[in-house]
Amino acid sequence: QVQLVESGGGSVQAGGSVRLSCAASRNTYGRKSMTWFRQAPGQEREGLATIYTGYAGISTFYADSVKGRFTISQDNAKNTVYLQMNSLKPEDTAMYYCAAKNGGGWSLNRYDYTNWGQGTEVTVSS
């Protein structure tokens with residue numbers, strides 16, 4: 001199984017930006033989704049953004065809660081997926097996780113993923 005390691009979390013003031021990284025231990029081939037989730041205390045894990053490699057190419061999909069503020073991207077040479085987070089709000093405070101899924105279509109549903117990183121914490125202060 002590919003190992004996933006997140007980094008880049010920290011503390012930031014509201015309105016600021018953070019870029020998270022998710023490094024995979026190796027590349028995988030075929031259809032796949034690399035997805036960012038977050039989980040705040042007492043809340044369910046929420047899918048935020050996915051970058052999907054399918055037969056037709058690469059596509060990105062976003063949850064409505066982050067559309068227009070967050071951008072997912074990847075660097076294939078580094079086996080790394082990024083999440084650029086702008087205009088951060090205190091309600092964005094959470095543990096952020098990346099997850100990988102091989103095969104099938106794209107998904108923001110946490111139950112479709114079994115391969116997870118350890119998470120990186122983001123705290124947004126007002």
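Numbers here are sequence positions counted from 1.
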Quiz item: Looking only at heavy atoms, what is the nearest atom pair of Gly8 and Thr120, with distance?
Solution: N-OG1, 4.1 Å
Practice problem: Identify the heavy atoms of Ala24 and Val2 that sit nearest to each other, and give their distance. | Solution: CB-CG1, 3.7 Å
Quiz prompt | Distance, nearest 0.5 Å, that separates OG1 of Thr60 from NZ of Lys67 | solution = 10.0 Å
Quiz item: Where is the tightest heavy-atom contact between Gly47 and Ala63, given as atom of each residue plus distance?
Solution: O-CB, 3.3 Å
Quiz prompt | side chain to side chain donor-acceptor pair (under 3.5 Å) involving Gln3 - partner list, sequence neighbours excluded | solution = none
Quiz item: Any sub-3.5 Å donor-acceptor pair from Gln118's side-chain atoms to Glu6's backbone N or O?
Solution: yes
Exercise. Over all heavy atoms of both residues, which pair between Ala14 and Ser126 is shortest? Give the atoms and the distance, please.
Key: CB-CA, 4.3 Å
Quiz item: Only one of Leu83, Asn86, Val12 forms a side chain to side chain contact (heavy atoms under 4.5 Å, CB included) with Val18, so which one is it?
Solution: Val12
Self-check item: Heavy-atom closest contact (Ser65 atom, Glu46 atom, distance)
Solution: OG-OE2, 2.8 Å
Exercise. State the OG-CD distance between Ser11 and Glu121, to the nearest 0.5 angstrom.
Key: 7.5 Å
Quiz prompt | Gap separating the CE atom of Met34 from the CG atom of Asn115, nearest 0.5 angstrom | solution = 8.0 Å
Quiz prompt | For Ser7, all residues meeting side chain to side chain donor-acceptor pair (under 3.5 Å), sequence neighbours excluded | solution = none
Quiz prompt | Pairwise disulfide (SG to SG under 2.5 Å) hits with a residue in residues 53-95, at least two apart | solution = none
Quiz item: Which residues satisfy the side-chain contact (heavy atoms from CB on, under 4.5 Å) test with Thr71, sequence neighbours excluded?
Solution: Tyr62, Gln84
Quiz prompt | Partners meeting side-chain contact (heavy atoms from CB on, under 4.5 Å) with Asp92 (sequence neighbours left out) | solution = Arg38, Arg69, Phe70, Leu88, Lys89, Tyr96, Val124
Practice problem: Determine yes or no for a side-chain-to-main-chain donor-acceptor pair under 3.5 angstrom, with Ser107 supplying the side chain and Asn109 the backbone. | Solution: yes
Quiz item: Please, which pairs that meet disulfide (SG to SG under 2.5 Å) have at least one residue in residues 93-126, sequence neighbours excluded?
Solution: Cys22-Cys98
Quiz item: Residues two or more places apart in sequence or in another chain: which of them pass side chain to side chain donor-acceptor pair (under 3.5 Å) with Arg19?
Solution: none
Self-check item: Pairwise distance CG(Asn79) to OG1(Thr28) - rounded to 0.5 angstrom
Solution: 8.5 Å
Self-check item: Any residue meeting ring-ring contact (aromatic ring centres under 6.0 Å, His included) with Phe61, in chain and number order, not counting sequence neighbours
Solution: Trp106
Exercise. Mind listing the closest non-hydrogen atom pair of Thr50 and Ser33 along with its distance?
Key: OG1-CB, 3.7 Å
Quiz prompt | Non-hydrogen side-chain atoms of Met85 and Leu20 separated by less than 4.5 Å | solution = yes
Quiz item: For Arg110, what residues pass the salt bridge (Lys or Arg N to Asp or Glu O under 4.0 Å) criterion, not counting sequence neighbours?
Solution: Glu44
Self-check item: side chain to side chain donor-acceptor pair (under 3.5 Å) partners of Thr123, counting only residues at least two apart
Solution: none
Quiz item: Going from CG on Asp64 to CG on Leu48, what distance comes out if it is rounded to the nearest 0.5 angstrom?
Solution: 11.5 Å
Quiz item: In Å, rounded to the nearest 0.5 Å, how long is the span from CH2 of Trp36 to CG of Leu108?
Solution: 14.0 Å
Quiz item: Who else is in the cluster with Tyr97 when I, L, V, M, F, W and Y are joined by side-chain contacts under 4.5 Å?
Solution: Phe37, Met95, Tyr113, Trp116
Quiz prompt | Heavy-atom side-chain proximity of Asn27 to Asn76 below 4.5 angstrom | solution = no
Self-check item: Qualifying residues under side-chain contact (heavy atoms from CB on, under 4.5 Å), relative to Thr53, sequence neighbours excluded
Solution: Lys32, Ile58, Gln74
Self-check item: Modelled atom types, side-chain donor and acceptor of Asp75 and Thr80, under 3.5 Å
Solution: no
Quiz item: Any chain of hydrophobic side-chain contacts (each under 4.5 Å) joining Ile72 to Tyr82?
Solution: no
